[in-house]
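For reference, the structure is listed below as structure tokens.
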Amino acid sequence: MGIHSSADARRLAKRRLPWMVFDYIDGAAGAETGAGRNSAAFDALTLRPRILRDVSARDLSSSVFSKPTKAPFGIAPMGMCNLSGPGADMMLARLAAREEVPLGVSTVASTPMEALIEEAQGNAWFQLYFTGDGSETFKLVERAKSAGYETLVLTVDVPEVGRRPRELRHGFTMPFKIGPRQFLDFALHPRWSIASLLAGKPDMANFQMDGFAFDRKASRAKADFGTLAKLRDMWPGNLVVKGVLDAEDAGLLKAAGVDAIQVSSHGSRQLESAPAPIAMLPLIREAVGTDFPLFFDSGLRGGEDVVKAYDQGANFTFFGRVLQFAIAAGGEDGLAQLWSVLKDETSITLAQIGRTSLKDG
């Protein structure tokens with residue numbers, strides 16, 4: 001299917017997905033200069049080539065919370081993945097099981113959290129949005145605990161949902177609604193439309209409970225450090241805070257007792273003027289010290305970027321939308337192909353810079 005890079009996956013996905021769906025997955029906040037800033041910041045970083053070192057035996061394994069992984073990157077939480085292809089959530093879960101890497105299960109996943117952690121063979125983290133007064137949010141926390149999740153990821157960079165003009169122009173909404181414009185869009189992309197029609201309309205599966213409602217545009221602005229303290233008290237497992245771009249905030253989070261921080265700009269989907277996360281990573285590393293776990297997402301395009309993120313202070317990295325593009329391009333085979341490419345790119349990069357693992361930098 002011709003997937004030799006994440007750019008190939010994106011190009012094929014753009015051809016096969018309805019415009020509304022592609023722009024929902026691909027779009028960023030505002031005029032999308034933030035996404036460009038992320039790429040530029042990665043491009044500005046260079047790696048030091050080294051020669052005549054025995055790098056014939058290279059190791060891509062890593063670990064997260066003392067659990068070994070077969071790859072140095074995992075799967076970021078993404079909402080409504082089944083829009084990229086029927087069964088996408090479960091494809092990602094099976095990949096997480098094979099590679100023994102974390103699968104981020106979004107609050108707005110299109111498959112129930114219980115099914116995903118089972119398919120992932122326990123390799124799943126539940127990502128949480130705080131909404132409204134928190135009453136329904138904490139119900140999800142208890143549900144995740146009952147389902148067997150050991151790691152909770154609180155996303156904190158969306159006090160209000162960012163404006164993404166590309167998806168707004170197409171009338172994209174959650175729950176999914178189909179009007180005349182969407183119908184025409186789908187008719188022009190019959191391959192996706194027929195498969196999705198046969199599979200059933202994707203929906204926010206974690207909210208199909210009696211007396212439970214979710215509004216994607218509802219304010220999340222009431223969350224504060226008191227909210228975090230309450231969550232810390234009620235969650236016995238690992239607590240990760242995702243969406244951190246400020247060194248002072250990172251220090252406060254460490255003092256508040258979180259187990260790890262995920263440096264992220266939400267893929268530049270919320271604040272267009274946010275700094276590039278890769279540029280903030282060293283500053284945050286300095287603020288929290290050498291031993292505190294730091295995870296990273298946003299702007300990763302391939303294996304060289306993974307190596308750069310580790311060199312800037314990350315302990316683990318996460319890919320997001322490029323995996324959805326691979327599914328849109330070629331289903332589960334496309335996902336496996338891109339994952340193999342990402343691992344190959346990382347391994348080859350290590351060889352070029354005279355290293356055998358990401359641990360010996």
*Does one hydrophobic cluster hold both L92 and M90, with members joined at side-chain heavy-atom distances below 4.5 Å?*
yes

*Indicate yes or no for a side-chain donor-acceptor contact from K70 to the backbone of S61 under 3.5 Å, with no hydrogens or angles considered.*
no

*Chi angles and distances behind the side chain to side chain contact (heavy atoms under 4.5 Å, CB included) call for I261, V240*: CA-CA 5 Å; I261 289 169; V240 181; over 6 Å; no

*Row check, F186 ring normal vs R181 NZ/CZ: under 6.0 Å, within 45°*: no

_Within a 6.0 Å radius of atom NZ on K14, are there more than 12 heavy atoms belonging to other residues, nucleotides or ligands?_
no

*Examine L154 and M234 and state if one hydrophobic cluster contains both, with Ile, Leu, Val, Met, Phe, Trp and Tyr joined whenever side-chain heavy atoms are less than 4.5 Å apart.*
yes

*So, E150 and N238: side-chain donor and acceptor under 3.5 Å apart, yes or no?*
no

*asked:* Main chain of P275, side chain of R37: is a donor-acceptor contact present, judged purely on distance under 3.5 Å?
replied: no

*Which pair of non-hydrogen atoms, one from P165 and one from A28, has the smallest distance, and what is that distance?*
CD-O, 4.3 Å

_Check the orientation of H266 and Y129. Use parallel for under 30°, tilted for 30 to 60°, and perpendicular for over 60°._
parallel

_Q337 backbone acceptor or donor facing S340 side chain under 3.5 Å_ = no

*Check the side chains of N315 and R285 for a donor-acceptor pair under 3.5 angstrom, ignoring hydrogens and angles.*
yes

_Working to the nearest 0.5 angstrom, can you tell me the gap between Q312 CD and L281 CG?_
6.5 Å

*asked:* Main chain of G267, side chain of R321: is a donor-acceptor contact present, judged purely on distance under 3.5 Å?
replied: yes

_Using modelled atom types and a 3.5 Å cut-off, is there a donor and acceptor pairing between side-chain atoms of S264 and backbone atoms of P277?_
no

*State whether a side-chain donor-acceptor pair under 3.5 Å links S347 with R58.*
yes

*asked:* Does either side chain, that of Q127 or that of T155, offer a donor lying less than 3.5 Å from an acceptor on the other one?
replied: yes

_Nearest-0.5 Å distance that lies between atom CD in E167 and atom CE in M20_ = 10.0 Å

*Could you state the interatomic distance from CG (D43) to CD (E304), rounded to the nearest 0.5 Å?*
10.0 Å

*Going through the checks in order, is the side chain to side chain contact (heavy atoms under 4.5 Å, CB included) test met by R163 and E272?*
CA-CA 9 Å; R163 291 184 61 83; E272 183 178 10; over 6 Å; no

*Side-chain heavy atoms of L103 within contact of E119, under 4.5 Å*: no

*Looking only at heavy atoms, which two atoms of W192 and P18 are closest? And how far apart?*
CE3-CG, 3.3 Å

*In this structure, are over 12 heavy atoms from other groups packed under 6.0 Å from I51 atom CD1?*
no

*How many angstroms lie between CE in M91 and CD1 in I75, if you round to the nearest 0.5 Å?*
12.5 Å

*asked:* Let's go through T69 and V101 carefully: what are the C-alpha distance in whole Å and the side-chain angles of both, what is the deciding distance for side chain to side chain contact (heavy atoms under 4.5 Å, CB included) to 0.1 Å, and is it a yes or a no?
replied: CA-CA 5 Å; T69 65; V101 298; 4.0 Å; yes

*Please check if any side-chain donor atom of T227 sits under 3.5 Å from a side-chain acceptor atom of D224, or the reverse.*
yes

_Exercise: do N38 and S298 side chains pair donor with acceptor under 3.5 Å_ = no

*Shortest non-hydrogen contact from P86 to A195?*
CG-O, 3.6 Å

*State whether K145 and E142 are salt-bridged, where the test is any N-O pair (Lys NZ or Arg NE/NH1/NH2 against Asp/Glu carboxylate O) under 4.0 Å.*
yes

*Trace of the side chain to side chain contact (heavy atoms under 4.5 Å, CB included) decision for L338 with F319*: CA-CA 11 Å; L338 179 61; F319 280 99; over 6 Å; no

*Would F73 and L47 show up in the same hydrophobic cluster when neighbours are defined by side-chain heavy atoms closer than 4.5 Å?*
yes

*asked:* If you compare all heavy atoms of A71 against all heavy atoms of F316, which two are closest, and at what distance to 0.1 Å?
replied: O-CE1, 3.4 Å

*Between K67 and E100, is a salt bridge (Lys or Arg N to Asp or Glu O under 4.0 Å) present by the stated rule, with each step listed?*
CA-CA 9 Å; K67 185 174 182 179; E100 298 177 356; over 6 Å; no

_Regarding D259 and R232, does a basic nitrogen lie under 4.0 Å from an acidic carboxylate oxygen?_
yes

*asked:* Assigning hydrophobic clusters by single linkage (Ile, Leu, Val, Met, Phe, Trp, Tyr; side-chain heavy-atom cutoff under 4.5 Å), is V55 placed with L60?
replied: no

*Could R10 and D26 be called an ion pair, given the rule that one side-chain N must be under 4.0 Å from one carboxylate O?*
yes

_Donor + acceptor pair across side chains of D89, T111 (<3.5 Å)_ = yes

*Give a yes or no answer on whether the side chain of N82 reaches the backbone of S84 with a donor-acceptor pair at less than 3.5 Å.*
no

*Donor-acceptor contact present, side-chain N123 to main-chain A120, <3.5 Å*: yes

*Before giving the answer on salt bridge (Lys or Arg N to Asp or Glu O under 4.0 Å), spell out for R164 and E32 the whole-Å C-alpha distance, their side-chain angles and the decisive distance to 0.1 Å.*
CA-CA 8 Å; R164 297 189 283 274; E32 306 194 21; over 6 Å; no

*Mind checking whether L128 and F225 sit in one hydrophobic cluster, side chains of I, L, V, M, F, W, Y counted as touching below 4.5 Å?*
yes

*Measure from the side-chain N and O atoms of E345 to the backbone N and O of G303, and report whether any donor-acceptor pair falls under 3.5 Å.*
yes

*Should the pair F42 and F296 be assigned to parallel (<30°), tilted (30 to 60°) or perpendicular (>60°) ring geometry?*
perpendicular

*asked:* Is it the case that the ring center of F318 lies less than 6.0 angstrom away from the ring center of W125?
replied: yes

*Output yes when a side-chain donor or acceptor of Q182 lies under 3.5 Å from a complementary backbone atom of H170, and no otherwise.*
yes

*Do you know the tightest heavy-atom contact between I25 and L17?*
CD1-CD1, 4.1 Å

*Smallest separation among heavy atoms of V105 and A124, with atom names*: CG2-CB, 4.1 Å

_Determine whether a donor-acceptor pair (N or O, by modelled atom type, separation under 3.5 Å) exists between the side chain of S5 and the backbone of D8._
yes

